Amino acid sequence: MIRVLFVCLGNICRSPLAEAIFDHKLKISGLNGHFKSDSAGTSDFHIGELPDERTIQCAIKYEIPINHRGRQVNRTDFRDFDYIIAMDDNNLRNLNNLKVRFGYPKKEIHLMRDFVPGSNGLPVPDPYYGGQDGFEEIYKILDEAIDHFLTNVRERHQIYV
Ligand code: 4NP
């Protein structure tokens with residue numbers, strides 16, 4: 001079982017949507033038995049909360065089940081997840097500091113769009129202070145990036161069904 005954790009700041013917009021898109025793709029391609037996913041935030045701003053209403057609207061539009069409660073990244077995440085994927089540089093920096101503090105200095109943290117050829121270093125932009133169109137944008141970015149991530153991981157772990 002390959003364990004994947006998507007991480008953003010608040011864990012109510014980008015990372016729960018990433019998790020939902022990922023799970024949906026796994027399900028429709030019959031791969032759900034090979035992966036376990038979750039999402040978390042670097043902040044404690046929205047612990048226990050449902051995803052943002054705009055995230056939910058976006059998921060409904062694309063018919064993707066979404067069911068998550070906000071939580072903050074913790075020490076055991078660095079032990080338990082094979083892939084920890086940050087949405088932007090700020091999340092990446094925070095995770096790289098946390099991993100040292102939590103005793104996992106060698107843990108590799110990935111940036112979501114680094115899986116997309118030609119998009120190295122680019123963020124999944126924070127949509128929180130914008131409108132619904134920002135959620136449309138992150139949906140498209142995540143949909144593409146997760147396809148590339150899945151292809152990459154399936155090749156690396158030799159997962160064919
Ligand atoms: P997320 O978006 O990191 O994609 O969940 C945000 C959610 C909440 C806040 C910022 C970004 N906030 O400042 O509360």
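Source: prediction; values computed, not measured. One-based numbering, in listed order, for ligands and for the atoms of each.
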Going by the order shown, which atoms of ligand 1 are within less than 4.0 Å of some heavy atom of D126? 2 (O), 6 (C), 10 (C), 11 (C)

Under 4.0 Å between a Lys/Arg side-chain N and an Asp/Glu carboxylate O for E136 and K140? yes

The atoms of ligand 1 lying under 4.0 Å from a heavy atom of G10, numbered in the order shown, are 1 (P), 3 (O), 5 (O), 7 (C)

Quick check: does P127 get an N/O under 3.5 Å from an N/O on ligand 1? no

Looking at R71 and D77, is any side-chain nitrogen of the basic one under 4.0 Å from a carboxylate oxygen of the acidic one? yes

Would you say ligand 1 has an N or O under 3.5 Å from any N or O of L9? yes

Looking only at heavy atoms, the pair that brings N91 and V7 closest together is OD1-O, 3.6 Å

Is it the side chain, the backbone, both or neither of H46 that has a heavy atom closer than 4.0 Å to ligand 1? side chain

For the rings on H157 and Y83, is their centre-to-centre separation under 6.0 Å? yes

Salt bridge or not between D147 and K25? Use side-chain N to carboxylate O under 4.0 Å. yes

Any nitrogen or oxygen of S15, side chain or backbone, less than 3.5 Å from one on ligand 1? no

For C8, is at least one N or O under 3.5 Å away from an N or O on ligand 1? no

Any chance you could measure S15, atom OG, to L9, atom CG, to the nearest 0.5 Å? 9.5 Å

Ligand 1-proximal atoms of Y129, by part, heavy-atom distance under 4.0 Å: side chain

Answer yes or no: is there an ion pair linking R3 with D38, defined by an N-O contact shorter than 4.0 Å? no

the protein heavy atom lying closest to atom 7 (C) of ligand 1 turns out to be Y128 CD1, 3.4 Å

